[in-house]
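In this chain, residues are counted from 1 in sequence order.
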Amino acid sequence: MSIIKHPINAEINNKEAAYTDDYIILLKPRVISLVVFTAFVGLVIAPGHMNPVLAILAILCIAVGGGAAGALNMCYDADIDAVMKRTCSRPIPAGLITRDQGLIFGFVLSFLSVLVMGVFINWFSAALLSFTIFFYVIVYTIWLKRLTPQNIVIGGVAGAFPPMIGWAAATGSISFKSMILSLLVFLWTPSHFWALSLFSITDYERARIPMMPNVRGEKSTKNQILSYAIATALVGMLPYAVGLSRLVYGFFSFIGGLIFVTYSWQLRCATDREKMVGIAKKLFFFSVFYLTMLFSVLLIETLIMRAWDWGIKY
């Protein structure tokens with residue numbers, strides 16, 4: 001006997017699938033992927049051994065907590081998202097999800113992620129996760145984003161915490177080495193986002209968001225991008241200097257930092273608008289590759305050395 005699917009049922013199923021996708025988009029999965037990855041590296045390279053099941057649970061809590069913060073951010077920023085070309089198709093301004101639905105979704109996920117982290121992992125890492133959500137939603141989104149061109153710098157604190165949260169999940173504490181990883185992410189953030197703002201300046205002007213280029217001008221922005229790129233490149237080599245990594249990481253951090261600074265210098269020297277936009281896009285995309293590369297090499301190096309030590313021991 002063949003089963004005939006009714007077209008109305010198929011339409012309902014498609015709508016339900018789309019509705020689920022909208023909630024996933026609300027979590028900012030592309031942004032969260034980097035957050036989760038840096039947290040995972042922090043957890044893995046931390047000293048000691050963590051139960052694999054608990055490690056997976058800890059990373060899941062960080063992912064859910066980060067996604068919840070993203071959802072609450074979208075709820076508050078729905079008005080400015082609606083007038084920006086880059087964000088107007090997000091679920092709330094597009095009318096696919098209401099603000100109230102998004103708020104309930106974000107608050108419930110925030111509460112559950114912190115609670116599960118505290119009960120099953122440790123309360124110190126749960127406190128760090130809670131602070132990160134609070135800082136991103138209250139301090140950055142509600143307070144600073146529409147107030148100061150330094151919004152990205154200060155808001156970068158929230159994005160810098162995941163490596164320390166991962167480390168704290170494994171050890172119950174933080175250390176100078178975990179702080180270096182967070183400092184790297186913190187210093188990387190302005191160059192990354194200001195490069196984006198240089199080729200999205202009309203979007204931010206339309207939304208009346210005081211990003212650095214449309215408040216202090218392009219010249220000042222390019223100078224600050226270069227300053228932060230140099231600081232990022234130097235801090236990027238610190239894991240090797242303090243013994244957190246080995247020679248391979250030292251090599252990649254030096255070469256990657258050199259390219260990062262070179263792109264920033266080229267951007268600073270660019271006077272033609274079209275050329276500047278082209279370099280800003282290159283810098284933006286390379287910055288993502290640069291940070292991902294550093295944490296990837298650090299992770300792989302750590303795993304190889306532990307496997308080597310395990311082989312010698314047994």
Quiz item: Quick check: does any side chain N or O of Lys222 sit under 3.5 Å from a backbone N or O of Ala270, one acting as donor and the other as acceptor?
Solution: yes

Hey, what do you get for [atom1] ([X]) to [atom2] ([Y]), rounding to the nearest 0.5 Å?
X      : Y      : atom1 : atom2 : answer
Ser253 : Leu238 : OG    : CG    : 9.5 Å
Phe131 : Met164 : CZ    : CE    : 9.0 Å
Ile80  : Thr87  : CD1   : OG1   : 7.0 Å
Glu218 : Trp194 : CD    : CH2   : 14.5 Å
Phe120 : Cys61  : CZ    : SG    : 9.0 Å
Asn223 : Leu267 : CG    : CG    : 10.0 Å

Self-check item: Leu109/Leu27 under side-chain contact (heavy atoms from CB on, under 4.5 Å): CA gap, chis, key distance, verdict
Solution: CA-CA 10 Å; Leu109 291 186; Leu27 299 175; 3.7 Å; yes

Quiz prompt | Any donor-acceptor N or O pair under 3.5 Å, side chains Asn151, Thr148 | solution = no

Practice problem: Would you tell me whether Thr221 and Gln224 have side-chain atoms, one donor and one acceptor, within less than 3.5 Å of each other? | Solution: no

Exercise. Decide whether a cation-pi geometry holds between Lys281 and Phe199; the criteria are a distance under 6.0 Å from NZ or CZ to the six-membered ring centre and an angle within 45° of the ring axis.
Key: yes

Quiz item: Taking the six-membered ring for Trp, are Trp188 and Phe193 parallel (under 30°), tilted (30 to 60°) or perpendicular (over 60°)?
Solution: perpendicular

Quiz item: If you measure from the Lys or Arg side-chain nitrogens to the Asp or Glu carboxylate oxygens, is any gap between Asp22 and Arg90 under 4.0 Å?
Solution: no

